[in-house]
Amino acid sequence: AQSVTQLDSQVPVFEEAPVELRCNYSSSVSVYLFWYVQYPNQGLQLLLKYLSGSTLVKGINGFEAEFNKSQTSFHLRKPSVHISDTAEYFCAVAGAGSYQLTFGKGTKLSVIP
Amino acid sequence: KAGVTQTPRYLIKTRGQQVTLSCSPISGHRSVSWYQQTPGQGLQFLFEYFSETQRNKGNFPGRFSGRQFSNSRSEMNVSTLELGDSALYLCASSPGTGPYNEQFFGPGTRLTVL
């Protein structure tokens with residue numbers, strides 16, 4: 001079984017400042033890791049995913065994440081946020097051989113003008 | 001390509017009733033998953049279907065059921081509704097057979113149980 005912990009439920013940040021949203025996971029098998037974003041009244045959209053290979057993964061809208069196996073983390077970063085980045089962000093894990101995503105509780109990012 | 005569509009978008013029911021939600025995946029996608037999203041529990045996996053077969057089921061009571069048709073469209077049913085079933089129900093489709101494939105989410109059906 002897998003589990004995901006998103007360490008911050010809410011993160012306020014000023015526009016054009018950098019941001020890091022933290023995610024830790026636990027699993028007894030190898031995993032695939034994902035970050036999704038949810039805008040108000042919408043479904044989820046994939047930002048990026050780690051399957052294998054390079055531990056630094058680049059996604060859409062200028063986001064990137066780094067997979068750290070020893071710390072079982074997959075933190076999401078953006079060097080300069082915009083108002084339009086205000087949304088809820090979910091970290092998710094899928095275990096090898098599993099057909100389900102296990103999500104964290106989400107982090108609400110609020111960008112302050 | 002059209003995205004994942006879910007109908008209806010909003011639904012109000014009373015306790016004890018049953019409800020059926022529908023999901024049409026992206027054309028060519030054979031895997032459909034369902035998730036329940038609530039403020040308290042977050043996103044929780046309900047079940048996943050591939051080629052009309054349920055491959056995985058989450059930890060929900062038997063009142064929650066689903067099926068997938070030969071055209072990959074899927075329905076989920078909740079019988080004997082309880083107040084706690086009020087939630088956003090999200091459907092996601094995926095093109096492939098593995099967990100590494102991106103899941104594409106629909107806008108959800110917001111169910112309110114009174």
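Proteins come first, then strands; the chains are lettered A, B, ... in the order of their sequence lines, and each starts at number 1. Just the heavy atoms: all of them, side chains too, but no hydrogens, waters or symmetry mates, feed the values below. Because the structure is predicted, anything quoted here is derived from the model rather than measured.
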Using a cut-off of 6.0 Å, state whether more than 12 heavy atoms not belonging to B:Arg9 lie near its atom CZ.
yes
Counting neighbours of NZ on A:Lys108 that are heavy atoms of other residues, nucleotides or ligands and sit closer than 6.0 Å, is the number greater than 12?
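At most 12 heavy atoms, drawn from other residues, nucleotides or ligands, come within 6.0 Å of this atom.
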Give, as side chain, backbone, both or neither, the part of A:Tyr36 having an atom under 4.5 angstrom from any heavy atom of chain B.
side chain
Which atoms of A:Gln38 come close to chain B, meaning under 4.5 Å heavy atom to heavy atom: side chain ones, backbone ones, both, or neither?
side chain
Answer with side chain, backbone, both or neither: which region of B:Gln37 has an atom nearer than 4.5 Å to a non-hydrogen atom of chain A?
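When you check distances to chain A, only side chain atoms of B:Gln37 fall under 4.5 Å.
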Given side chains that start at C-beta, do those of A:Thr102 and B:Leu43 come closer than 4.5 Å, heavy atoms only?
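No, their side chains stay 4.5 Å or more apart.
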Could you check if a side-chain atom of A:Gln100 sits within less than 4.5 angstrom of a side-chain atom of B:Leu46, using non-hydrogen atoms only?
no
Taking [Y] as the starting point, is it possible to reach [X] by hopping between hydrophobic residues whose side chains are less than 4.5 Å apart?
X	Y	value
A:Val81	A:Val11	yes
B:Tyr89	B:Val32	yes
B:Leu81	B:Leu21	yes
A:Leu21	A:Val57	yes
A:Tyr39	B:Leu90	no

Using non-hydrogen atoms and a limit below 4.5 Å, what part of residues 104-114 of chain B faces chain A?
B:Phe105, B:Gly106, B:Pro107
Taking B:Tyr35 for the side chain and A:Leu101 for the main chain, is one N or O donor matched with an acceptor at less than 3.5 Å?
yes
